[in-house]
Amino acid sequence: MSTTKKVVAAALGLGLATLSACGSSDSGSGGSDSGSRTVTLVSHNSFAASKDVLKAFEKETGYKLRVLKDGDAGQAVNKAILTKDNPQGDVFFGVDNTLLSRALDNGLFQSYEAKGSELIRPQYRVDQGKHRVTPVDSGDICVNYDKAYFSERKLSPPTSFDDLVKPEYKNLLVTENASTSSPGLGFLLGTAARYGDDRWQDYWKKLKANGVKVVDGWEQAYNEEFSGSAGGRKAKADRPLVVSYASSPPAEVVFADPRPETAPTGVSYGTCFRQTEYAGLLSNARNSEGGKAFLDFLVSKEFQEDMPLNMFVHPVIEGASVPKEFTEYGPAAKDPETMAPSKIAANRDQWVRSWTSLVLK
């Protein structure tokens, strides 16, 4: 995440954008050449790190980092799969637990166990037999609310999935398309985890009848439709509820000028779904050694402690500290909805098709 408000807002979630390049490269091709001292990272729009931290990687390893950002997580993963035989880069960051099986089943990654991965907390480890992906961060997809809206109307904000279908919250919620957006898919999976295989569709029928609005991606939902965000206030947005992250309120504080004493937005913790993001060495990577060095770096304490105030996510290794802004304004959910990767893999595509037919048609 960069230090500008505009880019930071985009980095709070996974919005849609065209392919862009950050950093510099000694190669004009999509990936780095064999033996090149450039390592190319392919990611969604949310990847960001402090300049000093990235410079430290380059100094320690001798590699120059090139970053290609390719839109929303779902969009970026799909494009990476389509180009896997001639990949754009060496490492992919940003595939999460909602999309992981799609990447693994399509042979997107090759095996590599990152140095330092023994410090990764056990609950985040997957694919231990093959080590095709490395856990990098975690976060909670949750409904955020505009504190001023509810205070002015003396209305309590929703605290659970059940609340969202009540009449007092009609036409207040905006969410992302589950077929194109990672937080949108995470919210769908959260409802499936909460209500079960047989009841989540009935829940969404009620949510649709209660006026939920669906947009393509997080950036549009949060920065254009949500009245509680800095971007939303500027755009005169009229939806005081949005599917975002538990870490969004700290960002609203950190990047406000002047900085407020309290966050202008809150989190409905009874609506959260735990998301974990992974990185992997791309199959057919041209600079596999450089890619391995960067994967090692992603689980280093230096990078893990840099993430919270750049990408607004939580570290996954033991011993990494979290800034006070997180504990004060947006702590992780204590009891988020979760779902086994195997169940996501078995049901995701069918659920998305059903959701699309039910909600968008």
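Just so you know, these numbers use all the heavy atoms, side chains as well, and skip hydrogens, waters and symmetry mates.
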Problem - Nonpolar side-chain network containing Val253, other nodes, edges under 4.5 Å - result: Tyr329

Problem - Thr175 (side chain) donor-acceptor with Val243 (main chain) under 3.5 angstrom - result: no

Problem - Side-chain touch Asp349/Val352, heavy atoms, less than 4.5 angstrom - result: no

Practice task
Answer whether the closest heavy-atom distance between the side chains of Ser181 and Gln75 falls below 4.5 Å.
Solution key: no

Exercise for the section: Please name all residues satisfying ring-ring contact (aromatic ring centres under 6.0 Å, His included) with His314, sequence neighbours left out, ordered by chain then number. Expected result: Phe326

Practice task
May I ask you to check whether over 12 heavy atoms, not counting those of Lys130, lie within 6.0 Å of atom NZ?
Solution key: no

Problem - Exercise: identify the closest heavy-atom pair between Gly280 and Leu295 - result: N-CD2, 4.0 Å

Exercise for the section: Applying side chain to side chain donor-acceptor pair (under 3.5 Å), run through Ser50 and Asp52 and close with a yes or a no. Expected result: CA-CA 5 Å; Ser50 300; Asp52 289 345; over 6 Å; no

Problem - Any donor-acceptor pair under 3.5 Å from Ser36 side chain to Thr38 backbone - result: yes

Completion exercise
Nearest heavy-atom approach of Asn45 to Asp70 is OD1-N, 4.0 Å

Problem - Ser247 (side chain) donor-acceptor with Phe312 (main chain) under 3.5 angstrom - result: yes

Handout entry: Check: Val313 and Pro308 side chains under 4.5 Å, non-hydrogen atoms
Key = no

Practice task
Could you grab the distance from atom CG of Leu54 to atom CD of Glu302, nearest 0.5 Å is fine?
Solution key: 9.5 Å

Practice task
Please write out which residues are connected to Val267 in a hydrophobic cluster, directly or through intermediates, given that two of Ile, Leu, Val, Met, Phe, Trp, Tyr count as joined at side-chain heavy-atom separations below 4.5 angstrom.
Solution key: Tyr269

Handout entry: Leu68 vs Leu41 side-chain heavy atoms within contact, under 4.5 Å
Key = no

Exercise for the section: Determine, step by step, whether Thr159 and Asp163 satisfy the side chain to side chain donor-acceptor pair (under 3.5 Å) criterion, reporting the C-alpha distance in whole Å, the side-chain angles of both residues, the deciding distance to 0.1 Å, and the verdict. Expected result: CA-CA 6 Å; Thr159 61; Asp163 284 348; 3.1 Å; yes

Practice task
Compare all side-chain heavy atoms of Phe273 with those of Met339 and state whether any distance is below 4.5 angstrom.
Solution key: yes

Handout entry: Heavy-atom pair with the smallest gap, counting every atom of Thr134 and Ala114
Key = OG1-CB, 4.0 Å

Problem - Close side-chain approach of Leu188 and Trp200, heavy atoms under 4.5 Å - result: yes

Exercise for the section: Please name the pair of heavy atoms, one in Leu309 and one in Pro323, separated by the smallest distance, quoted to 0.1 Å. Expected result: CG-CG, 3.7 Å

Handout entry: Partner set under salt bridge (charged side-chain N to carboxylate O under 4.0 Å, His left out) for Lys206, not counting sequence neighbours
Key = none

Exercise for the section: Please answer whether the main-chain N or O of Ser244 pairs with a side-chain N or O of Ser248 as donor and acceptor at a distance below 3.5 Å. Expected result: no

Problem - Flag for Ser160-Asp162: side-chain donor and acceptor within less than 3.5 Å - result: no

Practice task
Of all the heavy-atom pairs spanning His44 and Lys69, show the shortest one and how long it is.
Solution key: O-CG, 3.9 Å

Completion exercise
From the list Val133, Leu100, Asp96, side chain to side chain contact (heavy atoms under 4.5 Å, CB included) partner of Glu277 resolves to Asp96

Handout entry: Gap separating the OG atom of Ser229 from the CG atom of Asn144, nearest 0.5 angstrom
Key = 9.5 Å

Handout entry: Under 3.5 Å: donor-acceptor pair, side chain of Ser357, backbone of Ser354
Key = no

Completion exercise
dist Phe109:CZ -> Leu281:CG (nearest 0.5 Å) comes out at 9.0 Å

Exercise for the section: Would you please indicate if the ring centroids of Phe92 and Phe47 are separated by under 6.0 Å? Expected result: no

Exercise for the section: Please check if the distance between the ring centroids of Phe57 and Phe294 is under 6.0 Å. Expected result: yes

Practice task
Begin from the C-alpha positions of Tyr278 and Asp137 and carry the test side chain to side chain donor-acceptor pair (under 3.5 Å) through to its verdict.
Solution key: CA-CA 7 Å; Tyr278 306 89; Asp137 66 72; over 6 Å; no

Handout entry: Minimum side-chain heavy-atom gap Leu173-Val242 below 4.5 Å
Key = no

Practice task
Using the six-membered ring of Phe150, assess whether NZ or CZ of Arg153 lies under 6.0 Å from its centre and within 45 degrees of the ring axis.
Solution key: no

Practice task
Say whether, by atom type as modelled, one donor and one acceptor occur between the side chain of Arg125 and the main chain of Glu118 under 3.5 angstrom.
Solution key: yes

Problem - Donor-acceptor side-chain pairing of Ser182 and Gln275 below 3.5 angstrom - result: yes

Handout entry: Check ion pair Asp238-Lys213 (N to O, under 4.0 angstrom)
Key = no

Problem - Donor + acceptor pair across side chains of Ser321, Glu305 (<3.5 Å) - result: yes

Exercise for the section: For the residue pair Asn97 and Thr276, confirm or rule out a side-chain donor-acceptor distance under 3.5 Å. Expected result: no

Handout entry: Ion pair Glu337/Arg274, N-O distance below 4.0 Å
Key = no

Practice task
Given side chain to side chain contact (heavy atoms under 4.5 Å, CB included), test Val136 with Met307 step by step and report yes or no.
Solution key: CA-CA 9 Å; Val136 177; Met307 288 192 308; 3.8 Å; yes

Handout entry: Asn210 side-chain N/O to Lys166 backbone N/O, donor-acceptor pair under 3.5 Å
Key = yes

Handout entry: Within 6.0 Å of CG in Asp197, more than 12 heavy atoms from elsewhere
Key = yes

Exercise for the section: Verify, without hydrogens or angle tests, whether Asp90 (side chain) and Ala285 (backbone) share a donor-acceptor contact under 3.5 angstrom. Expected result: no

Handout entry: NZ/NE/NH1/NH2 to OD/OE distance under 4.0 Å, Lys55 and Glu58
Key = no

Handout entry: Backbone N/O of Ser283 and side chain of Lys84: donor-acceptor pair under 3.5 Å
Key = no

Practice task
May I ask you to check if Arg37 and Tyr63 form a cation-pi contact, with NZ or CZ under 6.0 angstrom from the six-membered ring centre and within 45° of the axis?
Solution key: yes

Handout entry: With Phe161 via ring-ring contact (aromatic ring centres under 6.0 Å, His included) - residues at least two apart
Key = Phe187

Handout entry: Test item: side-chain donor near acceptor, Ser179 and Asn177, under 3.5 Å
Key = yes

Handout entry: Pairing of Arg239 and Asp146 as salt bridge, 4.0 angstrom limit
Key = no

Practice task
Output yes when a side-chain donor or acceptor of Ser151 lies under 3.5 Å from a complementary backbone atom of Lys147, and no otherwise.
Solution key: no

Problem - Parallel, tilted or perpendicular: rings of Tyr222 and Phe226 (30°, 60°) - result: tilted

Completion exercise
Taking every heavy atom of Gly211 against every heavy atom of Lys170, the minimum-distance pair comes out as N-NZ, 4.5 Å

Exercise for the section: Side-chain contact test, heavy atoms from C-beta onward, threshold under 4.5 Å: evaluate it for Leu358 versus Lys205 and give yes or no. Expected result: yes

Problem - Fellow cluster residues of Val299, listed by chain then number, with links counted only when side-chain atoms sit under 4.5 Å apart - result: Leu119, Ile120, Tyr124, Val316, Ile317

Practice task
Just do the side chain to side chain contact (heavy atoms under 4.5 Å, CB included) check on Asn287 and Thr40 with the steps written out, would you?
Solution key: CA-CA 8 Å; Asn287 187 357; Thr40 301; over 6 Å; no

